[in-house]
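One structure is given below, encoded as structure tokens.
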Amino acid sequence: MLEFMPIILFAVICIVLMFGFPVALSLAGTALLFAGMGLGLEAIGIDANFDSGYLAALPNRLYGIMTNQTLLAVPLFVLMGVLLEKSKVAETLLDAMALLFGAMRGGLGISVTLVGMLMAASTGIVGATVVTMGLMSLPTMLKRGYSTSLATGTICATGTLGQIIPPSIALVLLGDVLSSAYQQAQLDMGIFSPKTVSVGDLFMGALVPGLLLVVMYMIYVALVAWLRPHMAPAADREELMAELGHTSGIGMLLLKGLVPPVVLIVAVLGSILSGFATPTEASAVGAFGALVLALAYRQLDWATLKDVLRSTTHVTTMVFLILIGAALFSLVFRAYGGEHMVTELFEAMPGGVVGATIIVMLVIFLLGFILDFIEITFVVVPIVGPILLAMGLDPIWLGIMIAINLQTSFLTPPFGFALFYLRGVAPPSVSTSAIYRGVIPFILMQLGMLLMLSFFPQLATWLPDQF
């Protein structure tokens with residue numbers, strides 16, 4: 001029984017999280033409980049196979065988290081996203097895109113996808129994108145005769161682009177975890193001058209797969225509109241203009257809505273891709289640019305600023321508390337010999353590195369039904385990452401595969417957060433079952449992207465190799 005303590009620890013963590021207890025406290029509390037059990041059994045002379053020396057590393061782990069320069073990008077990117085949400089940039093841009101494409105079948109769906117892509121590239125926050133698009137575009141799409149499942153599925157899936165299109169909070173967190181895992185894997189292989197993988201590398205690796213997902217979404221909407229015109233009918237441009245309340249031309253709306261976020265995206269991503277700035281430095285530029293935009297649009301007052309800072313502090317605190325809890329969980333898991341157990345399991349698995357990768361991706365996908373991406377990033381990736389990387393996988397390719405896999409966790413019921421976000425702002429006439437039906441094709445497209453990356457890893461590795 002005691003030799004299976006790592007498996008029992010992992011199972012208990014999942015059960016506790018499913019009951020809805022706070023993630024950080026669940027991770028830390030369960031780990032401390034099992035550490036106490038291990039120490040107690042050792043004290044009464046029972047060999048629990050628990051190495052208490054791992055716990056001595058906790059202060060250094062916590063100090064490392066608090067002084068990690070990469071993680072400084074988290075509050076700054078969150079601040080940038082919340083400021084852009086308040087500045088109404090997306091609202092103007094969506095109106096312009098709706099007027100531009102709305103006259104064609106499926107045009108409103110394509111508009112939502114394009115605006116969602118730009119919001120993902122400028123905010124990186126899934127919740128903000130889904131809520132904003134749900135409030136602004138869902139009533140218009142339903143009024144214009146769009147199928148409820150198509151409209152809700154498009155909005156939810158487009159919102160999750162913030163997971164994969166940089167600058168993404170998920171990629172920042174995943175990059176930090178993978179960097180540690182990659183260095184540990186090389187040290188385990190006897191390489192004492194290890195190479196590094198940075199958040200910037202993941203940003204570059206995610207660009208092509210992220211844009212391909214956008215193209216896939218638009219093709220799907222266009223095909224539905226072509227094959228089943230009643231599900232995505234064309235809208236009358238004059239009626240749309242009157243409904244949206246705009247008297248100025250489409251060109252002026254596009255200029256007002258498109259130029260500011262594009263300039264901000266170029267400033268943030270361009271500085272990272274060119275090597276002019278690190279992701280942390282670029283996040284500061286983005287936060288300052290978002291503040292300037294909010295002031296330029298006259299959407300920033302003292303009450304709004306307090307609300308923005310409160311939201312940023314809330315998200316940042318949550319992330320760092322989860323990271324601390326996950327660090328404690330990881331140490332206790334290793335103290336029970338969990339790392340060796342997983343290594344032996346992977347080595348005994350048929351198919352070698354291919355079989356191990358398939359199993360890990362399947363486990364992450366299934367965990368996405370019940371756990372949030374942050375929990376999976378901080379709990380699962382530190383366990384399996386060093387082992388897979390030691391087996392020879394490219395760290396950037398593995399990071400993008402995990403990121404797209406985690407993207408599905410926002411859409412998979414019962415705990416898909418994008419579904420919850422949209423359900424909270426959707427009209428009562430929109431049923432939950434319609435939202436669930438609507439996201440299924442988009443989940444399949446995301447899984448299709450995983451298959452494409454499996455057969456063509458250059459989709460993720462080509463761009464980083466050019467720099």
Separation between [atom1] of [X] and [atom2] of [Y], rounded to the nearest 0.5 Å:
| X | Y | atom1 | atom2 | answer |
| --- | --- | --- | --- | --- |
| F378 | F373 | CZ | CZ | 8.0 Å |
| T377 | L323 | OG1 | CG | 10.5 Å |
| I165 | Q407 | CD1 | CD | 8.5 Å |
| T312 | L76 | OG1 | CG | 9.0 Å |
| L321 | T316 | CG | OG1 | 11.0 Å |
| L362 | I358 | CG | CD1 | 9.5 Å |

Nearest non-hydrogen partners of [X] and [Y], listed with the distance:
| X | Y | value |
| --- | --- | --- |
| A403 | I164 | CB-CD1, 3.8 Å |
| A277 | A282 | CB-N, 4.2 Å |
| P233 | Y146 | O-CE1, 3.5 Å |
| A73 | V172 | CB-CG1, 4.2 Å |
| G210 | L161 | O-CD2, 4.4 Å |
| A267 | V285 | CB-CG1, 4.4 Å |

Any side-chain heavy atom of [X] sitting closer than 4.5 Å to one from [Y]?
| X | Y | result |
| --- | --- | --- |
| F34 | V12 | yes |
| P395 | L178 | no |
| V112 | L108 | no |
| L174 | V199 | no |
| V380 | I402 | no |
| I404 | Q163 | no |
| I110 | L114 | yes |

Expected list for residues 14-21: side-chain donor-acceptor pairs under 3.5 angstrom, two or more places apart:
none

Show every donor-acceptor pair shorter than 3.5 Å between a side-chain atom in residues 150-157 and any protein atom, with sequence neighbours excluded, or say none if there are none.
{"residue": "T152", "atom": "OG1", "partner": "T148", "partner atom": "O", "Å": "2.8"}
{"residue": "T152", "atom": "OG1", "partner": "S149", "partner atom": "O", "Å": "3.2"}
{"residue": "T154", "atom": "OG1", "partner": "L150", "partner atom": "O", "Å": "2.7"}

Set of residues satisfying side-chain hydrogen bond (donor to acceptor under 3.5 Å, both in side chains) with respect to [X], sequence neighbours excluded:
| X | value |
| --- | --- |
| T461 | none |
| N405 | none |
| S433 | S431 |
| S198 | D201 |

Please evaluate residues T30 and F329 with respect to the criterion side-chain contact (heavy atoms from CB on, under 4.5 Å), reporting the C-alpha separation (whole Å), side-chain torsions for both, the decisive distance (0.1 Å), and the verdict. CA-CA 8 Å; T30 306; F329 167 82; over 6 Å; no
List the residues meeting side chain to side chain contact (heavy atoms under 4.5 Å, CB included) with [X], not counting sequence neighbours, and say none if there are none.
| X | value |
| --- | --- |
| T304 | K86, L300, D301, V308 |
| L223 | I219, W226 |
| P427 | L138, L142, S429, V430 |

Sequence-distant partners of F320, ring pair (Phe, Tyr, Trp, His ring centres under 6.0 Å), two or more places apart: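 Counting only residues at least two positions away or on another chain, F320 forms no ring pair (Phe, Tyr, Trp, His ring centres under 6.0 Å).
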Among V360, L366, I359, exactly one meets side chain to side chain contact (heavy atoms under 4.5 Å, CB included) together with V363. Which residue is that?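 That would be I359.
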Could you list the donor-acceptor pairs under 3.5 angstrom formed between side-chain atoms of residues 437-459 and any protein atom two or more places apart in sequence or on another chain?
{"residue": "Q446", "atom": "NE2", "partner": "T160", "partner atom": "OG1", "Å": "3.4"}
{"residue": "Q446", "atom": "NE2", "partner": "Y217", "partner atom": "OH", "Å": "3.0"}
{"residue": "S454", "atom": "OG", "partner": "L450", "partner atom": "O", "Å": "2.8"}

Salt bridge (Lys or Arg N to Asp or Glu O under 4.0 Å) partners of R334, counting only residues at least two apart: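 By the salt bridge (Lys or Arg N to Asp or Glu O under 4.0 Å) rule, R334 matches E339.
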Determine yes or no for a side-chain-to-main-chain donor-acceptor pair under 3.5 angstrom, with S168 supplying the side chain and G162 the backbone.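 Flag set: sc S168 to bb G162 pair under 3.5 Å.
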May I ask you to decide if D176's main-chain N or O and S179's side chain share a donor-acceptor pair within less than 3.5 Å?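 No: the side chain of S179 does not pair with the backbone of D176.
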Please step through side-chain contact (heavy atoms from CB on, under 4.5 Å) for the pair L328 and L27, ending with a clear verdict. CA-CA 8 Å; L328 181 55; L27 289 170; over 6 Å; no
What's the verdict on side-chain contact (heavy atoms from CB on, under 4.5 Å) for V215 and M117, showing C-alpha distance, side-chain angles and the deciding distance? CA-CA 10 Å; V215 173; M117 175 192 70; over 6 Å; no
Mind running side-chain contact (heavy atoms from CB on, under 4.5 Å) on R61 and S330 for me, showing each step along the way? CA-CA 11 Å; R61 283 288 187 92; S330 176; 4.3 Å; yes
